[in-house]
Amino acid sequence: MNHSQWNPQTSSGSWADPDNWTPSGVPTGNACFGAATQTGVSFKSTGQAQVAEITFIEDAASYTLTFGPSASPVLNITGSGVCNRSGKLQSFIVAATSRGYHDPQLRFDHSASAGGDDIFYCAGPESESAYGGGVISFCDQSSAGSASFKAWTGAAAPPEHNTVGGEISFSDSATADRARFIIYGSLGADGDTFGNVVFHDSASASQANFTNVGGTVPGGDGGNTQFYGHSDAGTATFYNWGGNHAKANGGDVAFDANADAGHGYFYNYAAKAANAYGGVTSFNNNPPHTTPGGASAGQGMYFNFGARQGEQGGGGHMEFSAKYGSPTASEATIVNYGSTAPHKSSAGHTLFSMNLPGNYAPNAGKARIYNHPAVGERGAAGYTEFSVYGSDDSHGMGPSGGNATLLNLGGTAQGEAGGYTIFSATSSADQATLIAYGGTHGGEGGRILFHDQACGGESRVQLFGNAVLDISGHAEGVSIAALEMTGGVIGIRLGARTSSLSVSGGIKLNANQVAFEFQTSKDEPLAFNTSYTILSSPNMQAFSAQQFSANPLEGVTPTFSILANELQVTFKKA
């Protein structure tokens with residue numbers, strides 16, 4: 001391989017000037033940099049330089065290689081990549097505009113590496129007041145090494161159909177390796193333009209570290225890391241910070257198409273500013289349409305933090321939105337923490353949702369999801385929600401609990417609300433295991449709620465202490481496969497459409513008493529001296545009516561009776 005040495009004294013900083021090199025000529029093999037008076041190196045916008053290696057030798061100064069706007073890569077690194085032996089920071093600055101990852105200014109090919117800890121790369125605009133940003137691209141089996149990267153965007157509105165901010169892209173089988181990335185969001189009124197790290201094809205985030213900074217302008221997006229195709233997150237770590245201005249979005253990791261979160265670690269933080277949104281990890285929220293299947297949360301670890309320590313905005317969260325595919329939580333572990341703030345959205349939360357009419361529905365897979373209690377008596381508890389938006393009478397699809405295990409933890413201090421799971425509209429618990437634990441030291445129990453036409457499926461419910469299974473908001477009644485109670489309360493609505501509970505596989509009672517909490521509505525008032533079936537099970541005859549109790553209604557104490565496989569309640573009034 002031929003070696004070219006950057007001259008100690010040069011007439012210009014142009015890479016393309018053959019007189020700046022020894023031997024004379026633009027390098028194609030190993031470009032070496034040592035001690036020199038000219039440490040700023042620039043590239044021609046129409047140039048198409050290609051080099052196998054760039055080496056900063058032991059006596060090299062700190063160099064800055066700058067790439068401006070260009071229609072094609074002005075430098076393509078195709079060999080072993082970049083090596084820094086100087087002990088000083090070396091910088092590669094892409095200050096340009098681009099139309100996307102197919103039009104980078106700096107490109108790594110084959111097995112080229114971006115180098116080690118003391119090399120810095122930046123993809124951004126020509127100036128803060130400009131629009132968009134440039135692109136650094138990794139293709140084939142190239143690697144980001146353990147270098148540091150920054151992606152950001154300009155404040156100006158871009159031309160139509162060009163919303164690319166500063167971007168570091170990985171395609172084919174390229175890998176982020178052990179690199180460190182910090183990604184910034186929108187600076188101007190165009191909230192769709194932001195700094196971005198993007199994975200395509202079968203590229204992997206490997207062991208890298210990503211910080212997606214929360215938005216800083218109203219309506220602006222935070223920094224984004226995105227996965228498309230069959231790319232994966234490897235064992236990388238992602239920090240998604242909440243918005244820093246009202247109406248600003250948080251930092252975001254998005255999995256679309258058939259991308260997989262692998263064994264990644266994801267930390268979604270609450271927003272500092274009031275009315276701002278928390279950091280988020282989302283699945284199938286962006287094009288393209290994907291059939292069959294969708295993105296997967298893999299075996300990742302996800303931590304959604306509620307607002308604490310003065311944070312005033314939305315909590316960190318996950319969204320399985322199914323706009324463009326049918327995502328799954330797969331075998332993920334998800335933790336939703338409570339908040340010190342009173343509003344629901346301030347807590348850590350996970351959403352499984354779809355829009356009707358639609359062809360996609362998310363499912364919780366075999367995930368293990370923990371919903372933690374509120375922090376303090378006025379705080380909001382962590383939660384998981386299965387919901388449907390829009391209407392289509394001919395469409396019975398809805399998000400599914402799959403075979404997941406959802407654990408709802410009780411409060412640990414006086415008045416603290418317990419974590420909860422809610423199924424609404426046409427969602428289904430499917431074959432999930434739903435567990436709600438009792439509170440301690442005066443805390444409220446965890447809750448499991450079924451509303452509207454939500455289906456209990458073949459789910460199994462376990463209640464402890466003062467935990468609650470609440471089906472009072474259901475349209476008619478809920479059927480589940482199994483119920484085990486070591487304490488717990490069942491919430492039922494009485495009236496013309498009593499929201500009764502049916503347990504197809506039997507009930508197990510580990511306590512002497514089962515408590516009900518009865519409610520009525522103005523539209524369907526309670527009928528006295530009328531028996532309401534509130535619970536049915538094939539083993540109901542194994543229990544006695546005296547084991548059941550409930551709150552009085554209109555001053556009348558309820559009377560329970562068992563008839564065949566049914567538990568009935570009557571409010572007798574003379």
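Residue indices begin at 1 and follow the sequence shown. Computed from a predicted model, the values in this text were never measured in an experiment.
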With sequence neighbours excluded, residues passing side chain to side chain donor-acceptor pair (under 3.5 Å) with E319 =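 Residues passing side chain to side chain donor-acceptor pair (under 3.5 Å) with E319: H317.
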
Aromatic rings [X] and [Y]: how do their planes relate, parallel, tilted or perpendicular, breaks at 30° and 60°?
| X | Y | answer |
| --- | --- | --- |
| F283 | Y302 | perpendicular |
| F238 | F227 | perpendicular |
| Y383 | H349 | parallel |

With sequence neighbours excluded, what pairs up with [X] under the side-chain contact (heavy atoms from CB on, under 4.5 Å) test?
| X | answer |
| --- | --- |
| A364 | F352, F386, A404 |
| A481 | E458, S504 |
| D103 | S98, R99 |

[X] and [Y]: side chain donor to acceptor below 3.5 Å:
| X | Y | result |
| --- | --- | --- |
| T290 | N258 | no |
| N196 | N224 | no |
| D117 | S146 | yes |
| S80 | E53 | yes |

Compare every heavy atom of [Y] with every heavy atom of [X], then report the nearest pair and how far apart it is.
| X | Y | answer |
| --- | --- | --- |
| T216 | S186 | OG1-O, 3.7 Å |
| A297 | A329 | CB-O, 3.5 Å |
| A144 | A176 | CB-O, 3.5 Å |

Non-neighbouring partners of [X] that pass ring-ring contact (aromatic ring centres under 6.0 Å, His included), sequence neighbours left out:
| X | value |
| --- | --- |
| H289 | Y324, Y360 |
| F450 | F423 |
| Y370 | none |
| Y184 | none |

query = So which pairs with a foot in residues 123-135 pass side-chain hydrogen bond (donor to acceptor under 3.5 Å, both in side chains), sequence neighbours left out?
reply =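 Qualifying pairs, neighbours excluded: S127-S129.
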
Pairs flagged by side-chain hydrogen bond (donor to acceptor under 3.5 Å, both in side chains) wherever residues 148-159 is involved - sequence neighbours left out =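 Those involving residues 148-159 are S148-R180.
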
query = So with a 6.0 Å cut-off around NZ of K344, is the heavy-atom count from everything else above 12?
reply =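 Yes.
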
Main-chain N/O of G262 paired to D260 side chain as donor or acceptor, under 3.5 Å =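 Checked: pair present.
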
query = Quick one: which of F92, Y121, F170 gives a ring-ring contact (aromatic ring centres under 6.0 Å, His included) with F149?
reply =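 Of the listed residues F92, Y121, F170, the ring-ring contact (aromatic ring centres under 6.0 Å, His included) partner of F149 is Y121.
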
Output a table of donor-acceptor pairs, distance under 3.5 Å, between side-chain atoms of residues 248-257 and any protein atom two or more places apart or on a different chain; print 'none' if there are none.
{"from": "D256", "atom 1": "OD1", "to": "N284", "atom 2": "N", "distance (Å)": "3.4"}
{"from": "D256", "atom 1": "OD1", "to": "N285", "atom 2": "N", "distance (Å)": "3.0"}
{"from": "D256", "atom 1": "OD1", "to": "N286", "atom 2": "N", "distance (Å)": "2.9"}
{"from": "D256", "atom 1": "OD2", "to": "N286", "atom 2": "ND2", "distance (Å)": "3.0"}

Contacts under 3.5 angstrom, residues 199-210 side chains, donor-acceptor by atom type, not counting sequence neighbours:
{"from": "D201", "atom 1": "OD2", "to": "D172", "atom 2": "N", "distance (Å)": "2.8"}
{"from": "S204", "atom 1": "OG", "to": "S206", "atom 2": "N", "distance (Å)": "3.0"}
{"from": "S204", "atom 1": "OG", "to": "D232", "atom 2": "OD1", "distance (Å)": "2.9"}

query = Do V94 and F67 have side chains that get closer than 4.5 Å, going by heavy atoms?
reply =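 The answer is yes, as the side chains (C-beta and beyond) meet within the 4.5 Å cut-off.
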
